[in-house]
Amino acid sequence: MQKRIGILTYFTDPPYFNDINPGMNLQAYSVFEAVKDQNPYAEVEMIRYHSWWAIWRIYVSSMTLDTLKQDVIQFIKYYKFSKSFALSKKALVSKNSTKAYQFINSLGYDAIYVGSDTLLELFRAKTSEDITAYWLNRTVDAKKFMIAASARDTSYSKLTDGQKIKLNDSIQTFDMLGIRDNATYELINNFTNKKDKRLKIVPDPTFTFDIDYSFAQKYVEKKGLLKTGKPIICFHLLKTNLFAQPLADKLREKGFIIASLRPAKYADIILKDLSPLEFAGIFKFFHLTLTHRFHDSVFCIKNLSPLLLYPPSKNYVNESGNSKQSSLMDSFNIREECFIKDIESETIDSLFNKILQAPKNFEEKKVSINQTLFQYKEDFTKYVKETSENI
């Protein structure tokens with residue numbers, strides 16, 4: 001009888017979940033393809049369960065007719081990309097864990113992969129005493145595998161007694177616990193013992209994604225990005241990062257062009273209408289990227305393109321000072337070269353100097369970065385193969 005495998009993660013799924021996030025979609029696609037490759041005779045599909053309804057909303061900072069047009073174009077591109085997945089016939093949007101477990105169980109899977117992305121974070125739970133349904137419990141009758149999942153900044157000491165009981169019940173029913181970062185490892189390690197071989201850190205699935213540069217090349221040519229001959233620095237910043245305008249001005253004086261992946265008054269070029277496949281290769285064309293986004297950083301590294309990464313807020317850092325951002329930098333041994341612990345404590349001059357120095361520092365690490373990229377692709381594939389052998 002043909003095996004049925006479900007993947008429980010975030011991905012663009014109109015009209016139920018319309019978050020426009022390239023990293024989210026590329027990692028979902030990478031998991032989907034990896035599981036299919038290791039289970040060629042199984043029916044593999046994305047589970048259309050979402051814990052909240054994220055309606056598509058326009059990013060209104062510095063909104064113009066051009067950026068509005070880019071928003072529409074990007075939404076169409078993401079809708080087309082969503083057709084890359086095989087989907088469950090039924091869908092559910094609910095914060096009610098019991099209802100979600102019943103829904104997932106009704107789909108009749110032999111195995112369920114949870115991840116990747118920050119699925120295990122708890123701030124989206126229905127109440128402060130609850131956990132989310134992504135922590136599958138024993139009522140879900142299937143083999144269960146976490147696959148590069150993350151709990152973001154969730155700390156054991158901040159859990160209620162009720163949450164600890166529910167998390168323990170969930171964790172004990174998983175066949176393998178493949179998580180993505182040190183912060184999540186620390187959390188789950190409180191519910192396991194030292195000899196528990198289920199718990200291991202698994203690289204992000206996008207390290208297995210092979211970039212087809214034809215998409216980014218066509219995009220760059222259409223936008224005319226390289227016609228000026230000036231080096232491009234990409235900003236992907238928050239509205240609250242008030243240093244953006246003066247820093248952009250200072251870099252322009254030095255001969256750089258400033259691009260932004262979201263609408264921003266300080267940018268010379270707005271690149272809001274990238275598809276996931278265009279996003280994957282765009283970093284190849286940047287002199288450096290300054291970002292708070294995890295998958296911006298992953299794809300900078302995959303493109304061997306210099307970067308500076310910072311946590312967007314203290315909410316992304318656990319009580320031990322670890323975050324998915326710092327874990328990524330540590331895993332490539334580039335924290336000193338490419339990580340900013342607290343960007344709000346930096347001055348315009350210090351950021352300017354870091355941006356000038358980072359490409360030189362990054363260049364010295366390219367050999368070891370390439371080696372780690374190869375190893376992570378191997379490690380992720382090995383993990384999926386190991387889980388598949390247990391289905």
Student: Just checking, is any N or O donor in the side chain of Ser214 or Asp212 under 3.5 Å from an acceptor N or O on the other one?
Tutor: yes
Student: For the residue pair Tyr113 and Thr387, confirm or rule out a side-chain donor-acceptor distance under 3.5 Å.
Tutor: yes
Student: Kindly indicate, with the supporting measurements, whether the criterion salt bridge (charged side-chain N to carboxylate O under 4.0 Å, His left out) is fulfilled by Asp273 and Lys223.
Tutor: CA-CA 11 Å; Asp273 58 350; Lys223 290 283 186 177; 3.3 Å; yes
Student: Which heavy atom of Leu119 sits nearest to which heavy atom of Thr132, and what is that distance?
Tutor: O-OG1, 3.9 Å
Student: Test Glu337 against Lys365 for salt bridge (charged side-chain N to carboxylate O under 4.0 Å, His left out), laying out the working first.
Tutor: CA-CA 9 Å; Glu337 293 81 2; Lys365 293 281 189 174; 3.7 Å; yes
Student: What distance separates Lys77 NZ from Leu274 CG, expressed to the nearest 0.5 Å?
Tutor: 6.5 Å
Student: Just so I know, are the side chains of Tyr219 and Phe285 near enough to count as touching, which here means a heavy-atom distance under 4.5 Å?
Tutor: no
Student: Of all heavy-atom pairs between Ser331 and Leu328, which one has the smallest distance, and what is that distance?
Tutor: OG-O, 2.6 Å
Student: List the atom of Lys250, the atom of Ile348, and the distance in Å for their closest heavy-atom pair.
Tutor: CD-CG2, 4.0 Å
Student: Run Phe145 and Ile391 through side chain to side chain contact (heavy atoms under 4.5 Å, CB included) and show every step you take.
Tutor: CA-CA 10 Å; Phe145 309 109; Ile391 297 176; 3.8 Å; yes
Student: Nearest 0.5 Å, please: how far is CD1 in Ile7 from CD in Glu45?
Tutor: 9.5 Å
Student: Other residues, nucleotides and ligands only: do more than 12 of their heavy atoms fall within 6.0 Å of CZ on Phe123?
Tutor: yes
Student: Would you say that more than 12 heavy atoms from the other residues, nucleotides or ligands in this model lie under 6.0 Å from the CG of Asp141, or not?
Tutor: no
Student: Flag yes if more than 12 heavy atoms outside Lys385 fall under 6.0 Å of its NZ atom; otherwise flag no.
Tutor: no
Student: Are Lys265 and Thr64 side-chain neighbours, meaning at least one heavy-atom pair lies under 4.5 Å?
Tutor: no
Student: Would a 4.5 Å heavy-atom cut-off, applied to side chains only, mark Ile47 and Tyr109 as touching?
Tutor: yes
Student: Could you tell me whether Lys36 and Glu33 have a side-chain N and a carboxylate O separated by less than 4.0 Å?
Tutor: yes
Student: Apply salt bridge (charged side-chain N to carboxylate O under 4.0 Å, His left out) to the pair Arg48 and Asp13, showing each step before the final yes or no.
Tutor: CA-CA 8 Å; Arg48 300 173 72 190; Asp13 178 23; 3.2 Å; yes
Student: Does the structure place the NZ or CZ of Lys377 under 6.0 Å from the centre of the six-membered ring of Phe207, at an angle of no more than 45° from the ring's axis?
Tutor: no
Student: Does CD in Glu336 sit with more than 12 non-hydrogen atoms of other residues, nucleotides or ligands closer than 6.0 Å?
Tutor: no
Student: Nearest heavy-atom pair of Ala149 and Gly115: which atoms, and what distance?
Tutor: CB-CA, 4.3 Å
Student: Say whether Asn390 and Glu386, considering side chains only, have a donor N or O and an acceptor N or O under 3.5 Å apart.
Tutor: no
Student: With rounding to the nearest 0.5 angstrom, report the NZ to CG distance, Lys272 to Asp66.
Tutor: 12.0 Å
Student: Take a 6.0 Å sphere around OH of Tyr29 and say whether it holds more than 12 heavy atoms from other residues, nucleotides or ligands.
Tutor: no
Student: Between the side chains of Ser150 and Asp181, does any donor sit under 3.5 Å from an acceptor?
Tutor: yes
Student: Would you call Leu288 and Phe362 a side-chain contact if the rule is heavy atoms closer than 4.5 Å?
Tutor: no
Student: Indicate the ring-plane relationship of Phe17 and Trp52, choosing parallel, tilted or perpendicular according to the 30° and 60° boundaries.
Tutor: perpendicular
Student: So, using side chain to side chain donor-acceptor pair (under 3.5 Å) as the criterion, who are the partners of Ser388 when residues are at least two apart?
Tutor: Asn39
Student: Thinking salt bridges, do Lys143 and Asp110 make one under a 4.0 Å N-O criterion?
Tutor: no
Student: Test of understanding: clusters of I, L, V, M, F, W, Y form through side-chain heavy atoms closer than 4.5 Å, transitively. Do Leu159 and Ile165 belong to the same one?
Tutor: no
Student: Just by distance, with hydrogens left out, do Gln70 and Gln74 show a side-chain donor and acceptor under 3.5 Å apart?
Tutor: no
Student: Decide if the gap between the ring center of Phe191 and the ring center of Phe174 is smaller than 6.0 angstrom.
Tutor: no
Student: Would you check if Phe299 and Ile211 make a side-chain contact, meaning some heavy-atom pair closer than 4.5 Å?
Tutor: yes
Student: Between Arg252 and Asp268, is there a salt bridge with N-O shorter than 4.0 Å?
Tutor: yes
Student: Taking the six-membered ring of Tyr156 (Phe, Tyr or Trp), confirm whether the NZ or CZ of Lys164 is under 6.0 Å from its centre and within 45° of its axis.
Tutor: yes
Student: Kindly indicate whether the side chain of Ile188, heavy atoms from C-beta on, has any atom under 4.5 Å from the side chain of Met146.
Tutor: yes
Student: Are the side chains of Ile20 and Asn25 in contact, using a 4.5 Å heavy-atom criterion?
Tutor: no
Student: When the ring planes of Phe32 and Phe85 are compared, do they come out parallel, tilted or perpendicular, using 30° and 60° as the limits?
Tutor: perpendicular
Student: Is the closest basic N to carboxylate O distance between Asp175 and Lys144 below 4.0 Å?
Tutor: no
Student: Does one side chain, of Gln375 or Asp379, offer a donor that lies under 3.5 Å from an acceptor on the other?
Tutor: yes
Student: Between Asp117 and Thr9, do the side chains contain an N or O donor and an N or O acceptor separated by less than 3.5 Å?
Tutor: no
Student: Are Arg180 and Val202 packed together at the side-chain level, in the sense that at least one heavy-atom pair is separated by less than 4.5 angstrom?
Tutor: no
Student: Are Lys218 and Glu221 close enough for a salt bridge, meaning some N to O gap below 4.0 Å?
Tutor: no
Student: Describe, in one word, how the ring planes of Tyr10 and Tyr134 are oriented to each other, choosing from parallel (under 30°), tilted (30 to 60°) and perpendicular (over 60°).
Tutor: perpendicular
Student: Using the side chain to side chain donor-acceptor pair (under 3.5 Å) rule, collect all pairs that involve residues 283-310, keeping only residues at least two apart or in two chains.
Tutor: Gln27-His295, Asp204-His295, Tyr213-Asn303, His236-Asp296, Asn241-Tyr310, Thr291-Asp296
Student: Do Asn353 and Gln357 get their side chains close enough for a donor-acceptor pair, meaning under 3.5 Å?
Tutor: no
Student: Under the criterion salt bridge (charged side-chain N to carboxylate O under 4.0 Å, His left out), I'd like the reasoning laid out for Glu363 against Lys366: C-alpha separation, chi angles, the key distance, then a yes or no.
Tutor: CA-CA 5 Å; Glu363 182 67 30; Lys366 277 189 177 180; 3.1 Å; yes
Student: Going by the side chain to side chain donor-acceptor pair (under 3.5 Å) test, which pairs reach into residues 82-108, not counting sequence neighbours?
Tutor: Tyr79-Lys83
